[in-house]
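Here the structure is a predicted model, which is why all the values come from computation and not from measurement.
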Amino acid sequence: MKFGITQSFSCSYLPEQQEQLLVYAENNNSQQWHYSQLIQVGFRRSGEQIYRPHCPACRACKSVRIPVYEFTPSRSQKRLLKSNQNFSVRLVDKTRDDYYPLYERYITERHSDGSMYPPSKTQFDNFVQSEWMTTHYLEAYHGEKLIAVAVTDIIDANKNMSALSALYTFFDPDYSPASLGTWMILMQIEQAKRLGHRYVYLGYYVDGCQKMSYKHKFLPFEQFSDNEWHLFSKSSKIHT
């Protein structure tokens, strides 16, 4: 496989750091299969691009995944599951016209200080869609009202390594008290179990970035560092 390295640019998670990416540089019929292998060694997808942080002076980003059959909800997560039980979800592989207005409102009201602001339809399409990967969407409803969407990949590596990969979740800001970000991860864990997948990948935990701290609240989890996966449970002392 061929790879390239991007130029340095300002890190969107740690502004004092410079970021570089190691990027998969092939374009062929094997991309989806290669991605199923690369995600196991810390890579991630954004649109068409498969990448992994490759920063000379920083090792803060570490890929995190949840072994779904070992996962146990915390007390607060159990309370959340109970309080949101009047919501429903469904997994689809076709986008809907009402996704973008929900995404636009979410970014504008919740992340106007982030790298994805200001949102645009082109940005949204380029971020979630891919010619070589069928993007799936876990939709959440309150009655007939669409309240959240989790953009999700299905990784069919093999029986022991198949997974869901959580790309991004956006939701109706009016439902912020329902903690939909956390709840949608719990729903993806349930979907992974239902479909017989082994893991849910959560992307990168970034040491020193408060916005990423939630990824360590799903226990047990595995974290990729020093070229191997390390398991952390409630009794583990987490080193990041």
Side-chain angles (χ1 to χ4, degrees), residues 13 44 62-92 96 98-99 101-112 114 116 128 136-155 163-207 209-223 231-238 240:
Y13 298 110
R44 185 154 175 80
K62 296 180 176 66
S63 184
V64 172
R65 69 186 184 187
I66 301 167
V68 299
Y69 294 103
E70 287 77 34
F71 170 74
T72 302
S74 65
R75 289 181 181 178
S76 63
Q77 289 166 351
K78 288 178 180 177
R79 289 194 297 268
L80 182 61
L81 289 169
K82 184 177 181 179
S83 65
N84 289 356
Q85 60 186 351
N86 58 328
F87 302 154
S88 62
V89 298
R90 67 175 185 177
L91 186 65
V92 300
R96 289 176 29 151
D98 52 357
Y99 286 0
L102 185 64
Y103 169 83
E104 181 180 45
R105 186 179 169 209
Y106 173 77
I107 294 295
T108 301
E109 295 189 25
R110 301 265 307 190
H111 296 290
S112 60
M116 300 171 79
V128 303
H136 287 75
Y137 307 90
L138 187 64
E139 302 172 340
Y141 290 89
H142 186 192
E144 298 296 320
K145 179 181 175 63
L146 179 69
I147 61 172
V149 177
V151 185
T152 306
D153 283 338
I154 295 179
I155 310 296
L164 298 186
S165 177
L167 268 69
Y168 197 73
T169 294
F170 52 96
F171 56 83
D172 186 332
D174 291 344
Y175 285 78
S176 294
S179 300
L180 290 180
T182 296
W183 185 73
M184 289 298 278
I185 292 176
L186 295 171
M187 291 300 97
Q188 288 173 91
I189 293 171
E190 287 191 3
Q191 287 290 317
K193 286 183 179 179
R194 184 179 68 82
L195 296 171
H197 297 303
R198 184 72 181 83
Y199 296 101
V200 171
Y201 285 84
L202 296 184
Y204 299 112
Y205 172 84
V206 184
D207 188 22
C209 178
Q210 184 62 33
K211 291 181 179 180
M212 293 296 170
S213 62
Y214 71 91
K215 296 184 180 182
H216 275 178
K217 295 180 180 179
F218 297 86
L219 291 164
F221 66 84
E222 295 180 9
Q223 186 165 281
L231 179 67
F232 295 96
S233 64
K234 293 180 180 179
S235 60
S236 301
K237 185 175 181 180
I238 300 173
T240 56

Do Leu195 and Leu91 come within less than 4.5 Å of each other through their side chains, counting heavy atoms only?
-> yes
So, for Tyr201 and Ser63, which heavy atoms are closest and what is the spacing to 0.1 Å?
-> CD2-OG, 4.3 Å
Run the salt-bridge test on Lys62 and Glu222 with the 4.0 Å N-O cut-off and return the result as yes or no.
-> no
Non-hydrogen side-chain atoms of His197 and Val68 separated by less than 4.5 Å = no
What heavy-atom pair brings Asp174 and Pro177 nearest, and what distance separates the two atoms?
-> O-CD, 3.8 Å
Please confirm whether the backbone N or O of Ile155 pairs with a side-chain atom of Asp153, one donor and one acceptor, at under 3.5 Å?
-> no
All heavy atoms of Pro73 vs all of Lys78, minimum pair found to be O-CE, 3.5 Å
Look at the aromatic rings of Phe87 and His142 and report parallel, tilted or perpendicular, splitting at 30° and 60°.
-> perpendicular
Test item: Gln191 side-chain N/O and Met187 main-chain N/O as donor-acceptor pair under 3.5 Å | no
Separation of Gln188 CD from Lys193 NZ (nearest 0.5 Å) | 14.0 Å
Evaluate whether atom NZ of Lys82 has more than 12 neighbouring non-hydrogen atoms of other residues, nucleotides or ligands under 6.0 angstrom away.
-> no
Got a second to check how far Ile189's CD1 is from Ile66's CD1, nearest 0.5 Å?
-> 3.5 Å
With no hydrogens and no angle check, is any side-chain donor or acceptor of Arg44 less than 3.5 Å from a backbone partner on Leu167?
-> yes
Do side-chain atoms of Gln77 reach the backbone of Lys217 as a donor and acceptor pair under 3.5 angstrom?
-> yes
Nearest heavy atoms of Ala192 and Tyr199, plus distance in Å = CB-O, 4.3 Å
Value for OG (Ser213) from OH (Tyr205), rounded to nearest 0.5 Å, stands at 6.5 Å
Would you find a donor on one side and an acceptor on the other, under 3.5 Å apart, between the side chain of Lys215 and the backbone of Leu202?
-> yes
Gln223 and His216, any side-chain heavy atoms less than 4.5 Å apart | yes
Distance-only, no hydrogens or angles: does the Ser76 side chain make a donor-acceptor pair with backbone N or O of Ser74 under 3.5 Å?
-> no
Take the angle between the ring planes of Tyr168 and Tyr103 and call it parallel below 30°, perpendicular above 60°, tilted in between.
-> perpendicular
Validation row: Thr169, Val151 side chains within 4.5 angstrom (heavy atoms) | no
CG of Leu102 to CG of Asp172: how many Å apart, nearest 0.5 Å?
-> 6.0 Å
Below 4.5 Å, heavy atoms only, C-beta onward: do Trp183 and Leu81 meet side chain to side chain?
-> yes
Non-hydrogen side-chain atoms of Val128 and Tyr137 separated by less than 4.5 Å | yes
Fit a plane to each ring of Phe170 and Tyr106, take the angle between them on a 0 to 90° scale, and name the class: parallel (under 30°), tilted (30 to 60°) or perpendicular (over 60°).
-> tilted
Would you find a donor on one side and an acceptor on the other, under 3.5 Å apart, between the side chain of Thr108 and the backbone of Arg105?
-> no
Verdict with supporting geometry, Phe171 and Met184, side chain to side chain contact (heavy atoms under 4.5 Å, CB included) = CA-CA 10 Å; Phe171 56 83; Met184 289 298 278; over 6 Å; no
More than 12 foreign heavy atoms under 6.0 Å from CD of Gln210: is that the case here?
-> no
In short, Leu231 meets Pro220 closest at the heavy-atom pair CD1-CB, 3.9 Å
Parallel, tilted or perpendicular: rings of Tyr214 and Phe218 (30°, 60°) | perpendicular
Residues Leu180 and Ala148: closest non-hydrogen pair is CD1-CB, 4.2 Å
